[in-house]
Protein chains: 2
Amino acid sequence: MPSAERRLQPRRKPRQVRAELTRERILTAAAHVFAEYGYAAGTTNRIAERARVSIGSLYQYFPNKDAILAELAVRHIDRGMWTQADRLDLSPGSLEAMVRALVRDAVDNHRDDPQLLRIMMEAAPLSQELLDTIDRHGRKRVAQVRDLLARHPDVRVRDLGTAAELIVFTVETNTHKLMADPRAVPVEIFEGELVDMVTRYLRGDR
Amino acid sequence: MPSAERRLQPRRKPRQVRAELTRERILTAAAHVFAEYGYAAGTTNRIAERARVSIGSLYQYFPNKDAILAELAVRHIDRGMWTQADRLDLSPGSLEAMVRALVRDAVDNHRDDPQLLRIMMEAAPLSQELLDTIDRHGRKRVAQVRDLLARHPDVRVRDLGTAAELIVFTVETNTHKLMADPRAVPVEIFEGELVDMVTRYLRGDR
DNA sequence: CATTATTCTGAGCAATGACTCAGCTCTTCG
DNA sequence: CGAAGAGCTGAGTCATTGCTCAGAATAATG
């Protein structure tokens, strides 16, 4: 009975340890393959090959290619939120220190999977569901930073919401560029300049 | 698939007006199709269809799909450089005014093709040559801004090259986001904040 | 060990997409 | 006009990719 239901949910639930391992191997391989080839050229066959699993097995745990990316995205987001909340909330101090923590956080968060955001943007026009997931995450993060700014006495900007949005995006994309490119400018220096820029902005000097 | 050396140069040089028009139609169509479907799903057949030209004609002017994007990218960047040089060089004045001009410029420049950067990122892993082309032009732009900064007396940063790179990228990506999203924050406000951030950074206040 | 449930395999199918080519139409120019 | 070359056409080729399925291999159970 060929059912028409297609979602991002897994097709089969693993019941043996062996199966769980296979699932993980597939996800790990997918992360590498997507990072290397992009989404379109990161074929399911390549993923299966890298995971040393047959394509048949792959399709026992994921109903389609999108579902693999979706799972990757969700995991990435969850992990990011966790470490962020963990570190920033409990670090008072100078404004510059706070900003630096923010930047460091972005760096750490993308170190393990530096290409994921690019991949998700690539796949976005193909899957509205995926797009929504990403957007939801973004809003949460901005809100979190907004609260952080609200609590710091040295922050002097016109509107906290706008400021939060601006710096979250700026820090995120610059970090991405930093990690993706093997650049002439050393990482530490660029990071320092980024911190300076954001800090001066938030402090509102004239 | 990307094994042998592939060129981005046009295959045939148009000698009649008719041919030149065809070429333009193809490029315009490509811009729309890529923006709507992304690079991978933006097929050459779709482009030809939209341009109301046969695929055969398309391949008379472009040796392959990458070349179309490359041409689009080069034009985009060149146009940016031109208007930039035109407007900025002859506008002395406060640092803030200069930065504002820079931002306005980016906004104008992306109004007609807000998705191009995303598309280029998507296509990048597929073609090293394309990546190089973009990078080369990007460097030119950074160099231009660097010179601009060098000439302004109020600019006080550690390293002009790093600063130029940082602000070019920051202004560019923020503009992109601004234009792509229908956002809650109005354009003018966001623009103002962006100008403030960059200005304060360049002025180097403490 | 036999039986059943779970997991895994990979050749192959259907669809799609980049690109070609043989021949047509249109422009130019003597 | 008419020949030659520039420009255009689109059915078709070849390669690739997402995904299926019939059955083999492995593990759990009686």
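These numbers were taken from a predicted model, which means no experiment stands behind them. Chain naming here is simple, since letters A, B, ... match the order of the sequence lines and numbering starts at 1 in each. When reading the values below, keep in mind they use all heavy atoms of this one structure, side chains included, and skip hydrogens, waters and symmetry mates.
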Asks: Rounded to whole angstrom units, what separation is found between the CG atom of A/Asn45 and the P atom of C/dC13?
Replies: 15 Å
Asks: What is the per-nucleotide protein-contact pattern of nucleotides 21-30 of chain D, from the 5' end, where B denotes a base atom under 4.0 Å from a protein heavy atom, S denotes such proximity for sugar-phosphate atoms only, and - denotes neither?
Replies: B----BS---
Asks: Using whole Å, report how far NZ of A/Lys65 lies from C1' of C/dT16.
Replies: 13 Å
Asks: For the pair B/His32 (side chain) and B/Thr28 (backbone), establish whether a donor and an acceptor sit closer than 3.5 Å, ignoring hydrogens and angles.
Replies: yes
Asks: Would you tell me whether A/Arg118 and A/Gln115 have side-chain atoms, one donor and one acceptor, within less than 3.5 Å of each other?
Replies: yes
Asks: So that I can tick it off, tell me whether A/Glu24 and A/Arg75 are bridged by a salt bridge, with the cut-off set at under 4.0 angstrom between side-chain N and carboxylate O.
Replies: yes
Asks: Whole angstrom is fine here: how far is it from CZ in B/Phe62 over to C1' in C/dG17?
Replies: 19 Å
Asks: Test your reading of the model: is there a side-chain donor-acceptor pair from B/Arg25 to the backbone of B/Ala51, 3.5 Å cut-off?
Replies: yes
Asks: Within less than 4.0 Å of OP1 or OP2 of C/dA18, is there a side-chain N or O belonging to B/Thr44?
Replies: yes
Asks: Measure from CG on A/Asp66 to P on D/dC19 and round the result to the nearest Å.
Replies: 8 Å
Asks: Tell me: CD1 of A/Ile47 to C1' of D/dT17, nearest whole Å?
Replies: 12 Å
Asks: Specify the separation, in whole Å, of atom CD1 of B/Ile26 and atom C1' of D/dG7.
Replies: 11 Å
Asks: Of the candidate nucleotides C/dG17, D/dC19, D/dT9, which contains the atom at the shortest distance from the side chain of B/Thr43?
Replies: C/dG17
Asks: Can you find a side chain N or O atom of A/Thr22 that sits less than 4.0 Å from OP1 or OP2 on C/dT7?
Replies: no
Asks: Residues two or more places apart in sequence or in another chain: which of them pass salt bridge (charged side-chain N to carboxylate O under 4.0 Å, His left out) with B/Arg46?
Replies: none
Asks: With respect to the phosphate group of D/dG10, does any side-chain polar atom (N or O) of B/Ser54 fall under 4.0 Å of OP1 or OP2?
Replies: no
Asks: Given the rule in the salt bridge (charged side-chain N to carboxylate O under 4.0 Å, His left out) test, do A/Arg200 and A/Glu193 qualify, once you have shown the distances and angles that lead to the verdict?
Replies: CA-CA 11 Å; A/Arg200 287 174 199 162; A/Glu193 296 298 299; over 6 Å; no
Asks: Report the nucleotide, chosen from C/dC19, C/dT9, D/dT17, that has the shortest atom-to-atom distance to any side-chain atom of A/Arg46.
Replies: D/dT17
Asks: Is there a donor-acceptor contact under 3.5 Å linking the side chains of B/Glu122 and A/Tyr39?
Replies: no
Asks: Just the rounded figure in Å: distance from P of C/dG17 to CD of B/Glu49.
Replies: 11 Å
Asks: Whole angstroms only, please: what is the CG-P distance between A/Leu58 and D/dT17?
Replies: 15 Å
Asks: For A/Arg52 and for B/Gly42, locate the closest nucleotide of DNA chain C by heavy-atom distance; then report the residue assigned to the nucleotide nearer the 5' terminus.
Replies: A/Arg52
Asks: Nearest to the side chain of B/Tyr61, heavy atoms from C-beta on, is which of D/dC19, C/dT7, D/dG7?
Replies: D/dG7
